[in-house]
Protein chains: 2
Amino acid sequence: MNKIIPNISVDCVVFGFDSSGLKVLLRNRKLECPETGQLLINDHTITGFHVYEGEDLDSAAQRTLFNITGLTGIYLEQFYAFGSVERVNSEKEKCWRSYNNLGISDHVFSVGYLSLVDSTKIKPDQEHADVSWMPVDNLPELGFDHKEIIAKALERLRLKVRLEPIGFELLPEKFTLREMQELYECILGTSFDRRNFRKKIGQMKYVIPLNEKQKGVAHKPAQKYIFSRDVYERTKIEKLDFSI
Amino acid sequence: MNKIIPNISVDCVVFGFDSSGLKVLLRNRKLECPETGQLLINDHTITGFHVYEGEDLDSAAQRTLFNITGLTGIYLEQFYAFGSVERVNSEKEKCWRSYNNLGISDHVFSVGYLSLVDSTKIKPDQEHADVSWMPVDNLPELGFDHKEIIAKALERLRLKVRLEPIGFELLPEKFTLREMQELYECILGTSFDRRNFRKKIGQMKYVIPLNEKQKGVAHKPAQKYIFSRDVYERTKIEKLDFSI
DNA sequence: GCAAAAGTGTTGTACGTACACCCATGG
DNA sequence: CCATGGGTGTACGTACAACACTTTTGC
């Protein structure tokens with residue numbers, strides 16, 4: 001049995017995307033008073049775990065991510081460490097810990113990880129009935145400092161998405177240009193001219209059109225595309241010069 | 001007296017700049033065998049300290065930075081957390097810890113902070129005789145995983161410097177455009193056309209020319225400039241639109 | 001007067017932006 | 001046949017890249 005390190009954890013902010021926008025994977029946390037049955041806590045948290053003794057941060061994050069999604073090989077990136085004194089010491093968290101204290105310190109440092117998944121790969125199932133996608137622009141009440149952690153993750157996502165083609169991690173393997181445009185629009189909070197957007201994507205040799213179209217839509221079916229990381233890695237060298 | 005947290009530290013990568021390039025502030029670490037007097041360890045480290053109980057990460061970083069530079073109000077930014085199992089467990093570090101163990105864990109998680117200082121503000125003095133500026137492109141032997149930490153800090157600096165006007169933190173209050181150009185060239189590893197560079201800076205309203213010139217140089221004296229964070233904050237809103 | 005860096009303008013190219021119409025499909 | 005989104009090209013302006021000569025100072 002692995003022993004946990006009582007004062008160090010990782011927290012994974014898992015982002016997903018569907019036609020209704022950008023989502024975060026949250027777990028519903030409930031605490032009933034054993035005597036009265038009263039709901040003392042009913043909020044949501046991102047998924048985190050304490051790091052095990054002898055374990056790396058990255059391994060702990062992968063483990064956490066696997067536990068919640070059942071998936072491996074998923075985009076995962078460390079983005080910030082949180083260590084404020086109050087983060088597990090609000091009245092609510094003291095209450096939570098008084099019922100669930102498993103040798104956990106009262107000053108837990110947590111390293112935040114950002115993960116991007118194709119939301120169609122995650123089906124809500126019986127094992128994870130308390131887990132669900134929540135819209136990032138309309139979050140429910142959150143535990144700990146998870147509101148802050150999600151905000152910071154989002155900030156990082158917005159930055160990163162402009163510098164590297166990581167947006168594709170949020171799309172199904174085959175996608176249409178409209179889906180791609182909607183994704184970028186909702187991450188960046190802008191809107192793009194459709195013709196200019198398509199022109200720009202057309203220049204990206206690593207976004208490759210397929211001989212495949214949408215089926216069963218009540219309009220002209222859109223062409224599908226795939227992203228090729230290979231082509232990206234081979235062609236990205238060109239853009240290594242900068243301005244200030 | 002403050003008690004340290006045995007398994008959590010912060011490490012500050014302090015960057016400076018002078019005419020010979022970009023520098024890191026390093027401390028010489030020496031360990032002599034008490035019996036034979038033989039030098040067991042003679043390398044360099046960035047400055048870090050364990051976090052105290054009841055202390056925030058940011059506070060710990062500020063404290064560390066003050067201890068090494070004697071300065072406050074300096075640019076400081078968290079950039080990455082390091083937690084590999086081996087980072088304090090090489091033969092060398094085991095040896096170091098066997099002579100200097102002050103209740104320090106054998107798996108220390110360290111949060112890396114990046115700091116930028118005007119190197120003319122730091123004078124090597126008697127109190128910090130073991131501290132010196134070392135060129136980032138020619139580092140001496142480093143302890144712990146500090147080579148990796150510095151590399152990651154540098155990567156972050158290169159990214160950040162293109163997105164925000166933080167380069168000025170590395171320059172004296174009053175600087176010439178040549179100094180500024182050299183700074184950007186050596187951080188980004190490129191070179192710029194002088195006329196185009198000056199044209200571009202000319203557009204930045206927050207880089208303000210002074211009625212003051214260089215003195216005592218054997219050529220046409222250059223005009224001095226200052227950076228105004230105020231003007232920057234007021235005018236930066238304009239550039240909040242993006243492309244992919 | 002010479003060495004060393006400061007300072008200055010023009011032109012071509014590439015890229016971003018703005019904008020309107022026909023096409024294919026399901027119902 | 002109609003509603004819905006798919007798909008396409010041109011004209012303009014902005015921003016970046018390339019390039020050479022004159023000026024001021026200390027020695």
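Naming convention: chains lettered A, B, ... in sequence-line order (proteins, then strands); numbering from 1 in each chain. Given the structure is predicted, the values throughout are model-derived calculations rather than measurements.
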For residues 210-218 of chain B, please give each side-chain donor-acceptor pair under 3.5 Å, one per line with the distance, not counting sequence neighbours.
residue  : atom : partner  : partner atom : Å
B:Glu212 : OE1  : B:Lys174 : NZ           : 2.9
B:Gln214 : OE1  : B:Ala222 : N            : 3.0

Q: Treat primed atoms plus P, OP1 and OP2 as sugar-phosphate and everything else as base, then score nucleotides 19-27 of chain C 5' to 3': B for base contact with protein heavy atoms under 4.0 Å, S for sugar-phosphate contact only, - for none.
A: BB--BBBS-
Nearest whole Å is fine: how far is [N] [atom2] from [X] [atom1]?
X: B:Gln214; N: C:dA4; atom1: CD; atom2: C1'; result: 11 Å
X: B:Glu182; N: C:dA4; atom1: CD; atom2: C1'; result: 13 Å
X: B:Phe197; N: C:dG9; atom1: CZ; atom2: P; result: 18 Å
X: A:Phe175; N: D:dG6; atom1: CZ; atom2: C1'; result: 16 Å
X: A:Phe192; N: C:dA18; atom1: CZ; atom2: C1'; result: 15 Å
X: B:Glu212; N: C:dA6; atom1: CD; atom2: C1'; result: 16 Å
X: B:Gln203; N: D:dC16; atom1: CD; atom2: C1'; result: 10 Å

Q | Sequence-distant partners of B:Asp43, salt bridge (Lys or Arg N to Asp or Glu O under 4.0 Å), two or more places apart | A |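 Checked B:Asp43 against salt bridge (Lys or Arg N to Asp or Glu O under 4.0 Å); matches are B:Arg29, B:Lys92.
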Q) Between A:Lys200 and C:dG16, does any side-chain N or O lie under 4.0 Å from OP1 or OP2? A)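 So the side chain of A:Lys200 is within the cut-off, an N or O lying under 4.0 Å from OP1 or OP2 of C:dG16.
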Please enumerate all residues that pass side chain to side chain contact (heavy atoms under 4.5 Å, CB included) together with [X], with sequence neighbours excluded.
X: A:Tyr75; result: A:Glu77, A:Leu116, A:Lys160, A:Ile166, A:Glu169
X: A:Glu185; result: A:Gln181, A:Ser191, A:Phe192
X: B:Arg195; result: B:Asp193

Q. What class does the angle between the rings of A:Phe168 and A:Phe227 fall in, given that below 30° is parallel, 30 to 60° is tilted and above 60° is perpendicular?
A.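 The rings of A:Phe168 and A:Phe227 lie parallel, inter-plane angle below 30°.
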Q. Within the structure shown, what part of the strands sits under 4.0 Å from B:Arg178 by heavy-atom distance: base, sugar-phosphate, or nothing?
A.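 Here B:Arg178 touches the backbone only, sparing every base.
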